[in-house]
Novice: 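This structure is in structure tokens; I'll ask about it shortly.
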Amino acid sequence: METKYIFVTGGVVSSLGKGIISASLARLLLSRGYKVTIQKYDPYINIDPGTLNPYEHGECYVTVDGHEADLDLGHYERFTNTETTRANNITTGRIYQNVIDKERRGDYLGKTVQIIPHITDEIKRNMLLLGNKNEYDFVITEIGGTVGDIESLPFLESVRQLRWELGKRCVCIHLTYVPYIAAAKELKTKPTQHSVKKLQEVGIQPDILVLRTEHEISASMCRKVALFCNVDPSAVIQSIDVPSIYEVPLTMHKQRLDQIVLEKVGLPSDGEPDLTQWNDFLHRMKNATETVHIGLVGKYVELPDAYKSINESLLQAATYNDRKLDLHYIHSEKLNDSNVAEMLKGLDGIIVAPGFGQRGIEGKFSALKYAREHDIPTFGICLGMQCMVIEFARNVLGYEDANSTEMDVKAKYNVIDLMESQKSISNMGGTMRLGAYDCILKEGSIPAKAYGKTHIRERHRHRFEFNSDYREAFERAGMICVGENPETHLVEVIEIPKLRWYVGTQYHPEYNSTVLRPNPLFVDFIRAAINK
Ligand code: GLN
């Protein structure tokens, strides 16, 4: 089957959930047996979001091939259960970098290099790339930003051209917002009309409109929108707030989003998507009566998007343990030895979050010391694992100024240190240890039992490592290296076997946890928290 291309744009405001709509449509098409991938085009100039502060666009997600990606790729993987790669996330910066490289090589044969056609040609080439491999029946492309932004114009122009070139193999979905004016008790469609006009101005006529709303939109209002926007009344769909993002595929299917897409590209739209497993998950999520209380210790806790994948992994793991998740965000900057007992009171388990830099680090040590001494199930991820190591060095091994050289280059006990291969690197972007690496787990350890095997592959994003010079000292004192890279022998997982569940991973298991395939280590951590 020739690949079909679906473009998803957004208007009125950002943060409407284009990623969730794209992922939900992908879920429905996959459940009908089609092969689907989703890609995200971001209009900013950064080459990738790797150098961005989480306050900008939330978490940085990492693909198996080591691309630092927009957090929407995490949604794509969690909904579709399919891995993405660097080809699934392109920014304006990458497009320009490619074009400028070609110009320097002389590929343009003396021509003046311009936004149209050179930038738009490069965008189009990339947009079609995943589809050219004959691996996918559908490629869904989400365009970041909002229609009307100057920076998204070259992307929209490329969509306009592709739509013309692809004909019936192309569908455009536009997502807008219908605000509710409380004083007038009225929903307003005018912003949607304006947004569609903006899209039409750049030559794109949407086939389907998805209206994001907090209140039910009446059929007559949908017809009005259809009339003003040149869209089939049946192709005006509302996306009303639901308790969980994982219900969105169902609300979209109820309004025939998948059927409408199939009809538009000329494919049979009868039959039903097989959502048995998906519905099982939702059923467990809704029917759980007991709650597991988890504390997440981190410095970005005022912005839950900074820990998106951890939040979702915990929710999935709680669901598969038939528990509701009650997640407490604990600001590590506000945590110290004197308030830690109070701040961690009533928690069944603690996660110490990944991160960079000194800010909030001492609070993480306080949390870890308390959790270790009181045997609370504790999970350290990346910086969280490094903090476990430092806290143990200071308080058990008696290495008073133990630290990571990230925080103190002169630390006498540099138990976490820069890898030799990192020492000469000065560029910040894309230079960490990134992507999936093999790891061999120690037979009988908590992780080995949780995964049910000893050879795993998980994704990394860090510069610093456990300093193996100290390995023996740690092991003698009871902190054991239970996961190791088979080639470099770098320590990937530590555990204190004497405790109920005290495990730290240098890798990020949260990037590898989906609705249909929750990460075993998260599931086991929640199980331990419940059993406590
Ligand atoms: N800052 C630490 C490092 O670079 C940990 C990174 C992380 O938590 N992702 O090694």
Side-chain angles (χ1 to χ4, degrees), residues 48-64 66-69 71 74 296-301 303 305-311 313 332-333 350-365 367-368 378-391 393 402-409 411 414-437 439 458-468 470 483 485 488 490-494 503-513 519 521:
D48 59 48
T51 54
L52 288 172
N53 185 312
Y55 290 116
E56 296 286 310
H57 297 278
E59 160 190 286
C60 174
Y61 188 74
V62 178
T63 59
V64 272
H67 175 67
E68 297 177 282
L71 60 69
L296 179 90
V297 180
K299 64 175 168 179
Y300 300 114
V301 289
L303 180 84
D305 263 5
Y307 301 116
K308 193 82 211 169
S309 293
I310 294 181
N311 303 348
S313 301
S332 54
E333 275 186 299
I350 293 162
I351 289 229
V352 181
F356 294 82
Q358 171 68 31
R359 185 168 71 89
I361 203 92
E362 295 298 328
K364 289 186 173 174
F365 297 143
L368 287 167
T378 304
F379 194 175
I381 300 180
C382 207
L383 180 64
M385 171 269 198
Q386 297 175 353
C387 288
M388 283 176 153
V389 170
I390 298 165
E391 188 279 320
N403 217 332
S404 162
T405 46
E406 177 180 6
M407 317 304 161
D408 178 6
V409 270
N414 53 343
V415 289
I416 303 293
D417 197 10
L418 210 52
M419 282 180 282
E420 211 43 54
S421 57
Q422 283 283 344
K423 288 189 177 156
S424 56
I425 291 174
S426 55
N427 263 3
M428 295 298 272
T431 54
M432 283 187 257
R433 175 145 82 106
L434 291 167
Y437 284 85
C439 172
E458 291 279 10
R459 303 179 207 180
H460 290 248
R461 180 176 188 247
H462 55 99
R463 261 178 236 290
F464 296 83
E465 303 281 351
F466 181 97
N467 183 346
S468 291
Y470 294 98
N485 181 299
T488 56
L490 286 167
V491 172
E492 311 286 43
V493 192
I494 55 102
V503 176
T505 60
Q506 186 59 82
Y507 57 76
H508 291 262
E510 73 273 23
Y511 295 144
N512 181 18
S513 186
N519 187 287
L521 208 48

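When a ligand or atom number is given, it counts from 1 through the structure's own listing order.
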Novice: Passes side chain to side chain contact (heavy atoms under 4.5 Å, CB included), R463 versus T431? Steps please.
Specialist: CA-CA 8 Å; R463 261 178 236 290; T431 54; 2.9 Å; yes
Novice: Let's go through L52 and C60 carefully: what are the C-alpha distance in whole Å and the side-chain angles of both, what is the deciding distance for side chain to side chain contact (heavy atoms under 4.5 Å, CB included) to 0.1 Å, and is it a yes or a no?
Specialist: CA-CA 8 Å; L52 288 172; C60 174; over 6 Å; no
Novice: Decide whether Q386 and Q506 meet the rule of one side-chain donor and one side-chain acceptor closer than 3.5 Å.
Specialist: yes
Novice: Looking at Y300, does the NZ or CZ of R359 lie under 6.0 angstrom from its six-membered ring centre and within 45 degrees of the ring axis?
Specialist: yes
Novice: Is there a side chain to side chain contact (heavy atoms under 4.5 Å, CB included) between T505 and F379 once you walk through the steps?
Specialist: CA-CA 8 Å; T505 60; F379 194 175; 4.1 Å; yes
Novice: Ligand 1: which residues have a non-hydrogen atom closer than 4.0 Å?
Specialist: P354, G355, F356, C382, L383, Q386, E406, R461, H462, R463, F464, H508
Novice: Once the angle between the rings of Y511 and H508 is folded into 0 to 90°, is it parallel (under 30°), tilted (30 to 60°) or perpendicular (over 60°)?
Specialist: parallel
